[in-house]
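Letters go in sequence order (proteins before strands), and every chain restarts at 1. For clarity, every value in this text was computed on a predicted model and none was experimentally measured.
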2 protein chains.
Amino acid sequence: MSTKNKILDAAESLFANKGFNGTSLREITGQADVNLAAVNYHFGSKKELIKAVMSRYMNELSPRLESALRQVCEIEAPNLIDVFSAFIDPLLSLNKFKDNGTSNFLQLLGRGYTDSQGFLRWFLTTQYPGVIDNFVLAVQKSYPELSAEEMFWRLHFTMGTVVFTMSSSDALIDIAKSDFDRDLQISDVIRNVIPYVAAGVGAPMPLKR
Amino acid sequence: MSTKNKILDAAESLFANKGFNGTSLREITGQADVNLAAVNYHFGSKKELIKAVMSRYMNELSPRLESALRQVCEIEAPNLIDVFSAFIDPLLSLNKFKDNGTSNFLQLLGRGYTDSQGFLRWFLTTQYPGVIDNFVLAVQKSYPELSAEEMFWRLHFTMGTVVFTMSSSDALIDIAKSDFDRDLQISDVIRNVIPYVAAGVGAPMPLKR
DNA sequence: AAGTAGTTTAAACAAGCGTTTAAACTAACG
DNA sequence: CGTTAGTTTAAACGCTTGTTTAAACTACTT
């Protein structure tokens, strides 16, 4: 395997588990078994390496997501469960693309939102706006009564639920094993969260005060 | 004001805004206008300082929360909106206790959950178990059909929603101003999130597969 | 007034960080 | 074979980190 890919793989799992700030280039190059200077040679800087790790996933994911969400919009009367279920297959397809792909990607998403002062939010909204646009369209078709303002809040809450859940999914799976004797996978976590966020976004419009 | 409190105040706002890993002792002592060595003299280490910042809030908050949740349990037929609304007054009371108290505390909670590999989860569950126990009791009384396993998941999702929302509440308030011309406060964010999490936790039990 | 416990201070410590340098190595082409 | 472009390497750079040291200062007690 190429040095570049060895770095990307090592950086990905370390970033997912310990955050961007919490992972040093020496840890990455140590786990990748390459020279320290290779990161700056191939990627220029640590920040560019972070972008490269995220891009590798987003380039795989965003066309699948956009197409799945467009399909939902073509349903005659879609509901919110349909909308959120559209995420399942594209997300799980990351596991074929790479071992632990789904889990790593979702954890990275969580890290990027809390580490590094909103840099990742800028990255996603500017580099991959198509996903967000199609998602909003699908939600609007499923719940037309939802005002733009209310939608803004609820989509943000949903982002929080998903990102936070996934960034601690390893711990959750461990607890499910010890407390309920269940052997769960990341796909089970995804399936569990869908009814929750669908109900949250679909909550009745609150009365004006 | 005492050196100790100057350090605690500076550390609190810096930790909330930049995370625990992202804040150096030199930034803290610089903003507090005290000597660098004062942190280690008064608190022993950075880790102990983090605990002290969290404890200052939890010691104020946990008795109020426990009592509010116990009151909910005494309602004849409480619903989930009652349960989550019980958090409002205790959380907002932190604003009397300190400027920006509510916002800072909730942001710190979010930081602690994602920074520092679950150290804060250990801290909260071992040091303040009474809050969690009373919360679970109140949810059970409001939604008895919810299985223990389903409850575990949904409470975790809720934690994620709240913690993530609050850790980025400053950004949210800014967006609400620019996009919808609304001047919101942290209390408005709290009131917005309650219908969402109440609906999420109250979602119908999924069919067995 | 001398002594003492508590606090503050400037300075230094060792360790880790991201990045840069320049030399060594590799492989392909003319 | 010699040259050249691409890659890897060890070493060092300058800087920041949390922590420690020992001297200076403060305020209260004997």
Whole-Å distance separating the [atom1] atom of [X] from the [atom2] atom of [N]:
| X | N | atom1 | atom2 | answer |
| --- | --- | --- | --- | --- |
| B/F43 | D/dT19 | CZ | C1' | 16 Å |
| B/I7 | D/dG18 | CD1 | C1' | 14 Å |
| A/N21 | C/dC17 | CG | C1' | 12 Å |
| B/N40 | C/dC13 | CG | C1' | 13 Å |
| A/E48 | C/dT19 | CD | C1' | 14 Å |

With sequence neighbours left out, what residues match [X] under side chain to side chain contact (heavy atoms under 4.5 Å, CB included)?
| X | value |
| --- | --- |
| B/A32 | B/K6, B/A10, B/V34 |
| B/S2 | B/K4, B/N5 |
| A/A16 | A/N104, A/Q107, A/L108 |
| B/P195 | none |

>> Between B/F84 and B/F135 (judged by ring centroids, cut-off 6.0 Å), do the two rings come close enough to count as a pair?
In response: yes
>> Test: salt bridge (charged side-chain N to carboxylate O under 4.0 Å, His left out). Region: residues 21-42 of chain B. Which pairs qualify, not counting sequence neighbours?
In response: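 Residue pairs passing salt bridge (charged side-chain N to carboxylate O under 4.0 Å, His left out), neighbours aside: B/K18-B/E27.
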>> With a 4.5 Å cut-off on side-chain heavy atoms, are A/T161 and A/Y196 touching?
In response: yes
> In dot-bracket, 5' to 3', how would DNA chain C read with Watson-Crick or G-U wobble pairs under 3.5 Å, [ ] for crossing ones and | for pairs to another strand?
Replying inline: ||||||.||||||||||||||||.||||.|
> With A/E150, which residues qualify under salt bridge (charged side-chain N to carboxylate O under 4.0 Å, His left out), at least two apart?
Replying inline: A/R154
> What pairs with A/K177 under salt bridge (charged side-chain N to carboxylate O under 4.0 Å, His left out), at least two apart in sequence or on another chain?
Replying inline: A/D181, A/D183
>> List the residues meeting ring-ring contact (aromatic ring centres under 6.0 Å, His included) with B/F180, not counting sequence neighbours, and say none if there are none.
In response: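 If we apply the ring-ring contact (aromatic ring centres under 6.0 Å, His included) test to B/F180, skipping adjacent residues, the hits are A/F152.
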What protein N or O atoms touch nucleotides 15-17 of chain D N or O atoms at under 3.5 angstrom, if any, and at what distances?
| unit_1 | atom_1 | unit_2 | atom_2 | d |
| --- | --- | --- | --- | --- |
| D/dT17 | OP1 | B/S24 | OG | 3.2 |

For residues 53-61 of chain A, run the donor-acceptor check on the side chains, cut-off 3.5 Å, and write out each pair with its distance to 0.1 Å, sequence neighbours left out.
| unit_1 | atom_1 | unit_2 | atom_2 | d |
| --- | --- | --- | --- | --- |
| A/S55 | OG | A/K51 | O | 2.9 |
| A/R56 | NH1 | A/D9 | OD1 | 3.1 |
| A/R56 | NH2 | A/D9 | OD1 | 3.0 |
| A/R56 | NH2 | A/E12 | OE1 | 2.9 |
| A/Y57 | OH | A/E12 | OE1 | 3.3 |
| A/Y57 | OH | A/E12 | OE2 | 2.5 |
| A/N59 | OD1 | A/Y128 | OH | 2.9 |
| A/N59 | ND2 | A/S55 | O | 3.2 |
| A/E60 | OE2 | A/R64 | NH2 | 2.9 |

>> Using a 4.0 Å heavy-atom cut-off to protein, can you give one letter per nucleotide of nucleotides 4-10 of chain C, 5' to 3': B if the base is in contact, S if only the sugar-phosphate is, - if neither?
In response: --SBBBB
